Amino acid sequence: MANLYTELKTPVTGTFKQPTGLFINNEFVEGVEKKTFEVINPTTEEVICSVSEATEQDVDLAVTAARTAFEGSWRHTTPQQRGIYLLKLAELCEKNIDLLAAVESLDNGKSITMAKGDVGAVVGCLRYYGGWADKIEGKTIDIAPDMFHYTRAEPLGVCGQIIPWNFPLLMLAWKVGPALATGNTIVLKTAEQTPLSGLVFAQLVKEAGFPAGVLNIISGFGRVAGAAISSHMNIDKVAFTGSTVVGRTIMKAAAASNLKKVTLELGGKSPNIIFNDADIEAAVSWVNFGIYYNHGQCCCAGSRVYVQDGVYDKFVAAFTKRAQENKVGDPFHEETFQGPQVSQLQYDRIMEYIKAGKDEGATLETGGERHGEKGYFIQPTIFTNVTPQMKIMKEEIFGPVVAIAKFSTEEEVIQLGNDSTYGLAAALHTKDLNTAIRVSNSLRAGTVWVNCYNMLHHQLPFGGYKESGIGRELGEAALANYTQNKSVAIRLGGPLF
């Protein structure tokens, strides 16, 4: 029997045992075909370890385990008990915050400070949905004196969930929290670039006491395991966070199979608007956080910055200076703000966009080059004098690259802000409440921040307009993604006529 653990070491945890198998039916197992793939450390470009690769057969096994649990033990678990399981899982995540954060930094490259923040948000999300578990209710509807009508919010069944590599643990929590609270079972595939923290999390699922088969976590590639989940005839719903291109593929597969329910949280090219009356010092700080947070690898990154002409020069000078102060380097150094990009592929993609910006005539204010000689590090990069048709202004870069343009009027910037196929987020900076409300209501985006950025919270729904997705995650709204309404009509006796 293969050894499904490997010893790893981080500056935070020292040596620990990293699970490397597929977590199916509460056990770590080898894949049926015994395939593995390497996980690369983006800081050093070296192999961390190898993990089991899920194929279609492994997805089948995981779905069978989830279906058996849904029809058996989980169906008979009370809502109160589901809440207790989620609260226990949150407690275990909080207890193991250093380990989870260290593993996240190791295979994703995000700074240890941000990784700890992510795990803290995981804890909050799981606790929030643990509290919801026994508060999901139907209604009684009074229609006629000789009839009794009521509705039930019932779970969908087996849910396939496919998460991205930019926030591995946080996206896992966003998916499993509402799905488990509403009584579903899960087959979740982690991103092939960042499978390690999900496998550590799986150990805590078992420790929390969840029945076997309720939550299955597999590692694998989108084109194989992800495709198998999307088209599986015994999966009732698929949830995906990632690119719009892949989201389209998943939607087609869901429609072509059993017409499973679909929710998608997809790409973004979010506008960040600075008006003449903004607090420039504060705006610079928030714009910096809005684009360089998580190395720019954030679906709602404020990558299109529009600055009103009265403060344009002042803002660009101050923002350029601020970006140059960001600490780029080893994610395990406490002062690091920006670690490496997640992979060679992502590094190359971003550098191609930087080249396109130069070739199309944008002004490079700072950055634009590799940082250091090892690891997938890119300097914080700012382009100015960017026109609407340039690639760096239109397309999602998913890296530490920002495009800045000048505007004159409110009407003009609303049009510019909405001039995108995406609509995930937006932000504006102003001291005028009327402007804040008027512009917020005019921007076609699922989230609008005023005088801040990236202020997400598990109580607030999050999702996109247009090609940024379907459905909402977080908040009470996410529960609708994992329930279906049943109407029951009972006649209280007597003949039909």
Side-chain angles (χ1 to χ4, degrees), residues 23-28 62-97 100 119-140 150-161 169-170 172-188 198-218 234-237 239 261 458-459 473-486 488:
F23 187 71
I24 299 175
N25 221 24
N26 269 13
E27 300 294 340
F28 288 104
V63 171
T64 298
R67 178 63 64 187
T68 301
F70 179 73
E71 301 293 351
S73 59
W74 198 237
R75 179 179 288 275
H76 301 293
T77 300
T78 66
Q80 293 87 345
Q81 185 59 54
R82 292 201 300 268
I84 289 169
Y85 285 136
L86 281 165
L87 294 173
K88 177 64 174 175
L89 185 56
E91 179 185 329
L92 289 169
C93 287
E94 190 169 50
K95 180 180 176 182
N96 290 276
I97 186 170
L100 290 167
V119 181
V122 166
V123 172
C125 182
L126 295 176
R127 282 193 175 133
Y128 175 75
Y129 286 110
W132 262 113
D134 62 356
K135 300 171 186 67
I136 299 161
E137 302 167 340
K139 295 181 179 180
T140 58
Y150 68 92
T151 64
R152 284 169 51 84
E154 297 187 343
L156 297 172
V158 177
C159 297
Q161 300 180 327
L169 280 173
L170 194 54
L172 184 154
W174 284 21
K175 295 285 189 294
V176 305
L180 294 175
T182 48
N184 298 276
T185 58
I186 298 168
V187 176
L188 181 142
L199 296 174
V200 174
F201 180 89
Q203 291 179 303
L204 306 182
V205 170
K206 186 173 182 178
E207 188 176 345
F210 281 86
V214 169
L215 176 51
N216 306 275
I217 299 176
I218 60 175
N234 206 18
I235 288 180
D236 303 294
K237 182 257 167 68
K261 306 288 191 298
H458 50 257
Q459 290 178 251
E473 302 205 80
L474 302 181
E476 182 180 359
L479 301 172
N481 296 338
Y482 294 98
T483 55
Q484 50 196 345
N485 285 318
K486 174 184 285 183
V488 178

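Since the structure is predicted, the reported quantities are computational estimates derived from the model, not experimental observations.
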Asker: Name each donor-acceptor pair under 3.5 Å that joins a side chain in residues 177-187 to protein atoms two or more places apart or in another chain, with its distance.
Answerer:
| residue | atom | partner | partner atom | Å |
| --- | --- | --- | --- | --- |
| Thr182 | OG1 | Pro178 | O | 2.7 |
| Thr182 | OG1 | Ala179 | O | 3.1 |
| Thr182 | OG1 | Asn184 | ND2 | 2.9 |
| Asn184 | OD1 | Leu156 | N | 2.7 |
| Asn184 | OD1 | Gly157 | N | 2.9 |
| Asn184 | ND2 | Ala179 | O | 3.2 |
| Asn184 | ND2 | Tyr482 | O | 3.0 |
| Thr185 | OG1 | Ala66 | O | 2.9 |

Asker: Asn234 vs Thr64, test: side-chain contact (heavy atoms from CB on, under 4.5 Å). Steps then yes/no.
Answerer: CA-CA 8 Å; Asn234 206 18; Thr64 298; 5.9 Å; no
Asker: Nearest heavy-atom pair of Tyr128 and Glu476: which atoms, and what distance?
Answerer: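 What the structure gives for the nearest pair is OH-N, 3.3 Å.
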Asker: To check you understand the geometry: which heavy-atom pair defines the closest contact between Asn481 and Lys237, and what is its length?
Answerer: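 Asn481 and Lys237 have their closest heavy atoms at O-NZ, 2.9 Å.
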Asker: Could you check if a side-chain atom of Leu204 sits within less than 4.5 angstrom of a side-chain atom of Leu100, using non-hydrogen atoms only?
Answerer: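 Yes, close enough: below the 4.5 Å cut-off.
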Asker: Distance from Lys261 atom NZ to Cys159 atom SG, nearest 0.5 Å?
Answerer: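 One gets 10.5 Å once the value is rounded to the nearest 0.5 Å.
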Asker: If you compare all heavy atoms of Tyr85 against all heavy atoms of Ala208, which two are closest, and at what distance to 0.1 Å?
Answerer: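 Shortest heavy-atom separation between Tyr85 and Ala208 comes out as CD2-O, 3.6 Å.
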Asker: Could you walk me through whether Leu92 and Lys88 pass side-chain contact (heavy atoms from CB on, under 4.5 Å), step by step?
Answerer: CA-CA 6 Å; Leu92 289 169; Lys88 177 64 174 175; 4.3 Å; yes
Asker: Heavy atoms, side chains only, cut-off 4.5 Å: are Phe23 and Ile218 in contact?
Answerer: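 When only atoms from C-beta onward are counted, Ile218 and Phe23 do not touch, as no gap falls below 4.5 Å.
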Asker: Taking C-beta and beyond as the side chain, do Leu86 and Trp132 meet within less than 4.5 Å on heavy atoms?
Answerer: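 No, side chains not in contact.
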Asker: Which pairs, with at least one residue in residues 199-208 and sequence neighbours excluded, count as a side-chain hydrogen bond (donor to acceptor under 3.5 Å, both in side chains)?
Answerer: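 Counting only pairs at least two positions apart or across chains, the side-chain hydrogen bond (donor to acceptor under 3.5 Å, both in side chains) contacts touching residues 199-208 are Glu27-Lys206.
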Asker: Would you indicate whether the side-chain heavy atoms of Ile136 and Pro79 approach each other to under 4.5 Å?
Answerer: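 Not in contact.
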Asker: Give me the atom names and distance for the closest heavy-atom approach of Cys93 to Val122.
Answerer: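 Minimum heavy-atom separation between Cys93 and Val122: SG-CG1, 4.3 Å.
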Asker: Mind listing the closest non-hydrogen atom pair of Ala202 and Ile217 along with its distance?
Answerer: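 What the structure gives for the nearest pair is CB-CD1, 4.0 Å.
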Asker: Among residues two or more places apart or on two chains, list those pairs meeting salt bridge (Lys or Arg N to Asp or Glu O under 4.0 Å) that have a residue in residues 122-140.
Answerer: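 Passing the test, one end in residues 122-140: Glu94-Arg127.
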Asker: Please tell me if the side chains of Phe201 and Leu215 come closer than 4.5 Å, counting only heavy atoms from C-beta onward.
Answerer: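 Counting from C-beta outward, Phe201 and Leu215 do come under 4.5 Å.
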Asker: Could you walk me through whether Trp74 and Arg82 pass side-chain contact (heavy atoms from CB on, under 4.5 Å), step by step?
Answerer: CA-CA 9 Å; Trp74 198 237; Arg82 292 201 300 268; 3.4 Å; yes
Asker: Would you say the side-chain atoms of Asn25 pair up with the backbone N or O of Ala65, donor to acceptor, closer than 3.5 Å?
Answerer: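 Looks like no, no N/O pair under 3.5 Å.
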Asker: Would you give the length of the straight line joining atom OG of Ser73 to atom CD of Gln81, rounded to the nearest 0.5 angstrom?
Answerer: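 Taking OG in Ser73 and CD in Gln81, the distance rounds to 11.0 Å.
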Asker: Check whether any side-chain N or O of Gln484 sits under 3.5 Å from a backbone N or O of Ala153 as a donor-acceptor pair, and report yes or no.
Answerer: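 Here the side-chain-to-backbone pair does not exist.
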Asker: Would you say that Arg67 contacts Asp236 through its side chain, given a criterion of any heavy-atom pair below 4.5 Å between the two side chains?
Answerer: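 Yes, close enough: below the 4.5 Å cut-off.
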Asker: Distance-only, no hydrogens or angles: does the Asn26 side chain make a donor-acceptor pair with backbone N or O of Phe210 under 3.5 Å?
Answerer: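 Indeed, once roles are kept as given, a pair shorter than 3.5 Å links the two residues.
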Asker: So which heavy atom on Leu170 is nearest to which on Ala121, and how close?
Answerer: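 Where Leu170 meets Ala121 most closely, the heavy atoms are CD1-CB, 3.5 Å.
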